[in-house]
Amino acid sequence: MSDKAILIASFGTSYDNTREKTIGAVERRIEARFPDFICRRAYTSGMVRKVLEKRGIHIPGVTEALEELANEGVKTVLIQPTHLIYGEEYEKILAEAGAFEDRFQRISFGAPLLADYADIHAVLETLDAGIPRQEGEALVLMGHGANHFCNTVYAAMDYYAAAEGFESVVVGTVEAYPDLEAVSAALKRRGLKKAVLTPLMLVAGDHAQNDMAGDEDDSWANILRAQGLTVRTVLRGLGEYEALQERYCSHAEKAL
Ligand code: CO
């Protein structure tokens, strides 16, 4: 048996209809790419794990998964997060893994999806090409957003899109800045009256299905419609795009 493992750590989702298409697809891609490694799944969200536990689905956290690997005699571990930014969840992974320094010969960490400008370019390129649009139709990417300085990635991505050839792409976040108001102002400034909304998140879970595309008056889709825009939504998590699954593989490769 191998003494090398890759722990694929995701925030997690309680939405069954998106889980395997996104998180599962990234995991399967990494597993196929690194056949000499034991590949395991962990979720960093305690809340998501609790919800799933009640349904009889047990997914370990990072600590539990590392404990298991150490007990199985694994010597080197690569933790590949599927998170988008070097935010709080990523730091949680580092902290939990820190407690295992003495239990493994080596623990390394793969970068999140949006770790540098090449990543930002790759994600923009994939979504721009993957979601065909009509003339004058914007592509609005809805990220999660965080109360962390790394949240600036979203504003950087929005700036990069406008400056580097993705003029009809606008980036916003549900929980931070740029917010919907900033997105709406950007669409107005560029004279874009039609928009496709899609999540800038690994899974098309709660935020995508409710905050972005939901039937309620306060969903992004309905707020923009009330402002006179023609809106459609694409409920496809980033994990569904093969090019982005590949991106995680190359981040893992780099870390090894
Ligand atoms: Co959230």
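We count residues from 1, following the sequence as given.
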| Within the side chain of Q80, is there an N or O that forms a donor-acceptor pair under 3.5 Å with the backbone of A252? | yes
| Enclosure of E88 CD (heavy-atom neighbours >12, cutoff 6.0 Å) | no
| message | Tell me the closest heavy-atom pair linking A162 and E167, and the distance in Å. | response | O-CG, 3.9 Å
| said: Does the plane of the ring in H121 sit parallel, tilted or perpendicular to the ring in Y160? Use 30° and 60° as the thresholds. | reply: perpendicular
| query | Roughly how far, to the nearest 0.5 Å, is the CD atom of E135 from the OG atom of S168? | reply | 9.5 Å
| field | Considering all heavy atoms, the nearest G239-A25 contact | value | O-CB, 3.9 Å
| query | How far apart are the C-alpha atoms of F100 and I79, what are their side-chain angles, what is the distance that settles it, and do they pass the side-chain contact (heavy atoms from CB on, under 4.5 Å) test? | reply | CA-CA 12 Å; F100 286 84; I79 304 181; over 6 Å; no
| Check: S10 side chain, T82 main-chain N or O, donor-acceptor pair, under 3.5 Å | no
| Going by atom types only, do T76 and Q105 share a side-chain donor-acceptor pair under 3.5 Å? | no
| CG on L69 to CD1 on I6, rounded to 0.5 Å | 11.0 Å
| field | Spacing of CD1 belonging to I107 relative to CD1 belonging to I93, to within rounding of 0.5 Å | value | 12.5 Å
| message | If you define the side chain from C-beta out and look only at heavy atoms, does anything of T233 sit under 4.5 Å from W220? | response | no
| message | When you measure from the side chain of E137 to the backbone of K194, do you find a donor-acceptor pair of N or O atoms at a distance under 3.5 Å? | response | no
| note | For S184 and L224 the tightest heavy-atom approach is CB-CD2, 4.0 Å
| Is there a chain of hydrophobic side chains (I, L, V, M, F, W, Y, each step under 4.5 Å between heavy atoms) that links L180 to L141? | no
| query | Rounded to the nearest 0.5 Å, what separation is found between the CZ atom of R49 and the CD1 atom of I57? | reply | 13.5 Å
| said: Rounded at 0.5 Å granularity, tell me how far CD in E240 sits from OG1 in T22. | reply: 6.5 Å
| Can you check side-chain contact (heavy atoms from CB on, under 4.5 Å) on L78 and F34, steps first, answer last? | CA-CA 11 Å; L78 162 68; F34 303 96; 5.9 Å; no
| request: State whether the side chain of R40 and the backbone N or O of A5 hold a donor-acceptor pair below 3.5 Å, judged by distance alone. | output: no
| field | Test item: L84 and L238 side chains (from C-beta on) under 4.5 Å apart, heavy atoms | value | yes
| Hey, is K92 close enough to E89 for a salt bridge, meaning N to O under 4.0 Å? | yes
| field | side-chain contact (heavy atoms from CB on, under 4.5 Å) assessment of R33 paired with E253 | value | CA-CA 9 Å; R33 174 63 61 84; E253 211 145 54; 4.0 Å; yes
| request: Give the minimum heavy-atom separation between L66 and F104, together with the two atoms involved. | output: O-CZ, 3.4 Å
| task | Count the heavy atoms belonging to other residues, nucleotides or ligands that lie under 6.0 Å from CG of N71, then report whether that count exceeds 12. | result | yes
| request: Evaluate the side-chain hydrogen bond (donor to acceptor under 3.5 Å, both in side chains) criterion for residues H58 and E64: first the C-alpha distance (whole Å), next the side-chain angles of each, then the deciding distance (0.1 Å), finally the verdict. | output: CA-CA 11 Å; H58 177 73; E64 187 187 331; 2.7 Å; yes
| Working for side-chain contact (heavy atoms from CB on, under 4.5 Å), residues S14 and R55 | CA-CA 10 Å; S14 58; R55 293 192 218 143; 3.7 Å; yes
| query | Does atom CG of D116 have more than 12 heavy-atom neighbours from other groups under 6.0 Å away? | reply | yes
| request: Report whether M157 and V234 are members of the same hydrophobic cluster (ILVMFWY, side-chain heavy atoms less than 4.5 Å apart, transitive linking). | output: yes
| Quick one: do the Y177 and N151 side chains pair a donor with an acceptor below 3.5 Å? | no
| Are the side chain of R133 and the backbone of I131 linked by a donor-acceptor contact shorter than 3.5 Å? | yes
| said: So does D179 get a backbone contact from the side chain of T173, meaning a donor-acceptor N/O pair under 3.5 Å? | reply: no
| query | Quick check: does any side chain N or O of T13 sit under 3.5 Å from a backbone N or O of R19, one acting as donor and the other as acceptor? | reply | no
| request: Give a yes or no on this: more than 12 heavy atoms of other residues, nucleotides or ligands lie within 6.0 Å of atom CG of D16. | output: yes
| said: For A122, is there any backbone N or O sitting under 3.5 Å from a side-chain donor or acceptor partner on T126? | reply: yes
| field | Side chain proximity check, K4 to L256, heavy atoms < 4.5 angstrom | value | no
| message | Using only atom types and a distance under 3.5 Å, with no angle test, would you say the side chain of R236 pairs donor to acceptor with the backbone of T198? | response | no
| Are Y15 and Q209 side-chain neighbours, meaning at least one heavy-atom pair lies under 4.5 Å? | yes
| Do any N or O atoms from the side chain of H83 and from the backbone of P112 form a donor-acceptor pair under 3.5 angstrom? | no
| task | Could you tell me whether R247 and E125 have a side-chain N and a carboxylate O separated by less than 4.0 Å? | result | no
| For the residue pair L229 and L192, what are the closest heavy atoms and their distance? | CD2-O, 3.8 Å
| query | Mind checking whether L139 and I120 sit in one hydrophobic cluster, side chains of I, L, V, M, F, W, Y counted as touching below 4.5 Å? | reply | yes
| Would the number of heavy atoms belonging to other residues, nucleotides or ligands and lying under 6.0 Å from CD of E181 be above 12? | no
| note | Separation between NZ (K75) and OG (S2), nearest 0.5 Å, reads 10.5 Å
| said: Which heavy atom of A9 sits nearest to which heavy atom of V62, and what is that distance? | reply: CB-CG2, 4.3 Å
| Using 30° and 60° as the class limits, which term best fits the ring planes of Y86 and Y90: parallel, tilted or perpendicular? | perpendicular
| message | Using the rule that Ile, Leu, Val, Met, Phe, Trp and Tyr join whenever any side-chain heavy atoms are under 4.5 Å apart, tell me whether I85 and V26 fall into a single cluster. | response | yes
